[in-house]
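Position 1 is the first residue of the sequence, and the numbers go up from there.
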Amino acid sequence: MPALSSIALPPLPQEPGGRTAAAMPQVAGVWRGSDWHERGGGRAWPTGYGVLDAELPGGGWPANALIEVLQPAHAHAEWPLLLPALAARMQEGKARAAGGGHRRLVLVAPPFLPFMPALQAAGIAPERLCCVQKAADARAASWNVDLAWACEQALHCRDVLAVLAWLPDLPVPVLRRLQLAAASQGRPLWLWGGLEASRRSSPAALRLQLEIAEDCRLQVRLLKRKGPALEKALLLPRTSWGWLPVMQAQAMRQAAQHREAALLLHGHSVGGRPATAAAAAHAGA
């Protein structure tokens, strides 16, 4: 057998810093590990937290993926985490074409309804929320799978901006369907679950774990992302927690109540209703 002849390969090109440049050129549809933080062909929504955007691929929430967020039962950090991004997207929709302001947020099986004055103060009109709850006679073993079907249908609706769902213990095949629906329709789906779900695998493109730190800041751990692992936890600043819109909304509501009480006490009508002695007495109580 003749000896194999050696072939001299040309040296890899060098970058100015002396490092070897990547040999693979940019190819459409091919993702390179070194480009994990670049936007590429995907879209991202800035989260409103610079420290979190710096660690998310594309610099924000993926706008076409299933995002799984795990938190303790007592945390309820959904709106503090998502309000900046969702409010910004709703405002952008209003500024675009005439129909752009009609995009809706779909809430599927929320444990509590959000504080509407806070959402309105942040720029999210209450009428743009669509809430889907489980039926009163639904069986515990199947209601979350049925509501997962509702999530999939909402992702296919062009009037929907995003979907938020509180559906624990979904089977992996159902999660894959939701990830495929979010990716194909170009809409994000945030799926909220408990901390016990961190021990199970998930096809979600992004997985986060939330905790409340001792100083009441929000502690975020990235369990899964497209890119290198991140061992450290991120602390979101307290000023960005979304409490300012809440406090402003409460102050506006209290001021309106005081103005209405003053009008009633002076015998003026409020909202087209004549002031009665009983109403004035009640306002002054």
Side-chain angles (χ1 to χ4, degrees), residues 42-43 45 61-73 75-83 85-87 89-90 93 99-116 118-120 122 124-198 200-210 224:
R43 296 181 297 115
W45 297 357
W61 300 116
N64 55 348
L66 171 63
I67 306 166
E68 192 173 4
V69 188
L70 312 178
Q71 64 178 348
H76 302 300
E78 295 92 336
W79 291 105
L81 180 67
L82 300 184
L83 187 59
L86 294 178
R89 297 300 298 184
M90 296 290 279
H102 296 284
R103 307 294 296 276
R104 296 181 180 273
L105 298 177
V106 178
L107 314 182
V108 179
F112 302 99
L113 292 178
F115 183 50
M116 295 301 180
L119 299 188
Q120 194 165 12
I124 299 179
E127 60 269 19
R128 298 303 173 204
L129 298 183
C130 178
C131 184
V132 180
Q133 292 284 15
K134 65 176 181 178
D137 57 348
R139 293 179 300 173
S142 61
W143 69 267
N144 56 347
V145 176
D146 294 338
L147 289 176
W149 176 86
C151 292
E152 188 175 353
Q153 300 307 306
L155 290 171
H156 283 80
C157 181
R158 67 177 183 178
D159 291 334
V160 170
L161 177 68
V163 180
L164 284 70
W166 290 259
L167 303 176
D169 303 325
L170 286 178
V172 173
V174 176
L175 293 176
R176 289 199 186 101
R177 287 183 60 90
L178 293 178
Q179 165 62 22
L180 179 61
S184 62
Q185 300 303 316
R187 294 181 180 87
L189 166 60
W190 280 275
L191 183 64
W192 299 87
L195 296 180
E196 64 279 359
S198 62
R200 300 191 296 266
S201 61
S202 171
L206 178 64
R207 295 187 90 193
L208 292 81
Q209 179 176 313
L210 305 183
K224 177 184 178 182

Enquirer: V69 versus W190: any side-chain heavy-atom pair under 4.5 Å?
Expert: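 Contact flag for V69/W190 side chains = yes.
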
Enquirer: Please tell me if the side chains of R103 and R128 come closer than 4.5 Å, counting only heavy atoms from C-beta onward.
Expert: no

Enquirer: About how many Å separate CG of L189 and CG of L175, when rounded to the nearest 0.5 Å?
Expert: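 It is 9.5 Å, given to the nearest 0.5 Å.
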
Enquirer: To the nearest 0.5 Å, tell me how far R207 CZ sits from L66 CG.
Expert: 9.5 Å

Enquirer: Any side-chain heavy atom of R176 within less than 4.5 Å of one from L180?
Expert: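 No. Closest side-chain heavy atoms not under 4.5 Å.
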
Enquirer: For V160, does its backbone N or O pair with a side-chain atom of R187 as donor and acceptor, under 3.5 Å?
Expert: yes

Enquirer: What closest approach, in Å, do C131 and P110 show between heavy atoms, and which atom pair accounts for it?
Expert: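 For C131 and P110, the tightest heavy-atom pair comes out as SG-CG, 3.6 Å.
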
Enquirer: Can you give me the closest heavy-atom contact between N64 and G186, atom names plus distance?
Expert: CB-CA, 3.6 Å

Enquirer: Please determine if D169 and R200 form a salt bridge, counting it only when a charged side-chain N lies under 4.0 Å from a carboxylate O.
Expert: yes

Enquirer: Measure the spacing between CG of L107 and CD of E78 and express it to the nearest 0.5 Å.
Expert: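 Interatomic distance, L107 CG to E78 CD, rounded to 0.5 Å: 10.0 Å.
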
Enquirer: Quickly, which of D159, L161, L155 forms a side-chain contact (heavy atoms from CB on, under 4.5 Å) with C157? Name it, please.
Expert: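 It is D159, the one option of D159, L161, L155 that forms the side-chain contact (heavy atoms from CB on, under 4.5 Å) with C157.
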
Enquirer: What verdict does the side-chain contact (heavy atoms from CB on, under 4.5 Å) test give for W45 and L82, after you've listed the backbone C-alpha separation in whole Å, the side-chain angles of each residue and the deciding distance to 0.1 Å?
Expert: CA-CA 10 Å; W45 297 357; L82 300 184; over 6 Å; no

Enquirer: After noting the C-alpha distance and the side-chain angles of Q209 and L195, does the key distance pass the side-chain contact (heavy atoms from CB on, under 4.5 Å) rule?
Expert: CA-CA 7 Å; Q209 179 176 313; L195 296 180; 3.6 Å; yes

Enquirer: Measuring from C151:SG to R177:CZ, what's the distance to the nearest 0.5 Å?
Expert: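 Separation between the atoms: 12.5 Å.
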
Enquirer: Do N144 and V174 come within less than 4.5 Å of each other through their side chains, counting heavy atoms only?
Expert: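 A side-chain contact is absent here, since even the closest heavy-atom pair is not under 4.5 Å.
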
Enquirer: Could you pull out the closest heavy-atom pair between A109 and W166, with the gap in Å?
Expert: O-CB, 3.2 Å

Enquirer: Could you tell me the separation between the CG atom of L191 and the CD1 atom of I67, rounded to the nearest 0.5 Å?
Expert: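 Between L191 CG and I67 CD1, I get 10.5 Å after rounding to 0.5 Å.
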
Enquirer: Which heavy atom in S201 sits nearest to a heavy atom in V172, and how many Å separate them?
Expert: O-CG2, 4.4 Å

Enquirer: I'd like to know if the side chain of E68 pairs up with that of W192 as donor and acceptor (distance under 3.5 Å, no hydrogens or angles considered).
Expert: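 No, no side-chain donor-acceptor pair sits under 3.5 Å.
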
Enquirer: As an exercise, state the distance from CG of L164 to CG of L86, rounded to the nearest 0.5 Å.
Expert: 6.0 Å

Enquirer: For a 4.5 angstrom cut-off between non-hydrogen side-chain atoms, does P62 reach L206?
Expert: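 Yes - at least one pair of side-chain heavy atoms lies under 4.5 Å apart.
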
Enquirer: Would you say V145 and P171 make side-chain contact, with heavy atoms under 4.5 Å?
Expert: yes

Enquirer: Would you confirm whether K224, through its side chain, and A205, through its main-chain N or O, come within 3.5 Å as a donor-acceptor pair?
Expert: no

Enquirer: Can you check whether E127's main-chain N or O pairs, donor with acceptor, with R104's side chain at less than 3.5 Å?
Expert: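 Indeed, once roles are kept as given, a pair shorter than 3.5 Å links the two residues.
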
Enquirer: Taking the side chain as C-beta and beyond, is there a heavy-atom pair between K134 and L147 under 4.5 Å?
Expert: yes

Enquirer: Test side-chain contact (heavy atoms from CB on, under 4.5 Å) on L210 and L81 and set out the steps.
Expert: CA-CA 10 Å; L210 305 183; L81 180 67; 3.9 Å; yes

Enquirer: For L113 and L129, run side-chain contact (heavy atoms from CB on, under 4.5 Å): C-alpha distance rounded to whole Å, both residues' side-chain angles, the deciding distance at 0.1 Å, then the answer.
Expert: CA-CA 10 Å; L113 292 178; L129 298 183; over 6 Å; no

Enquirer: Is the shortest heavy-atom distance from the side chain of L70 to the side chain of L208 under 4.5 Å?
Expert: no

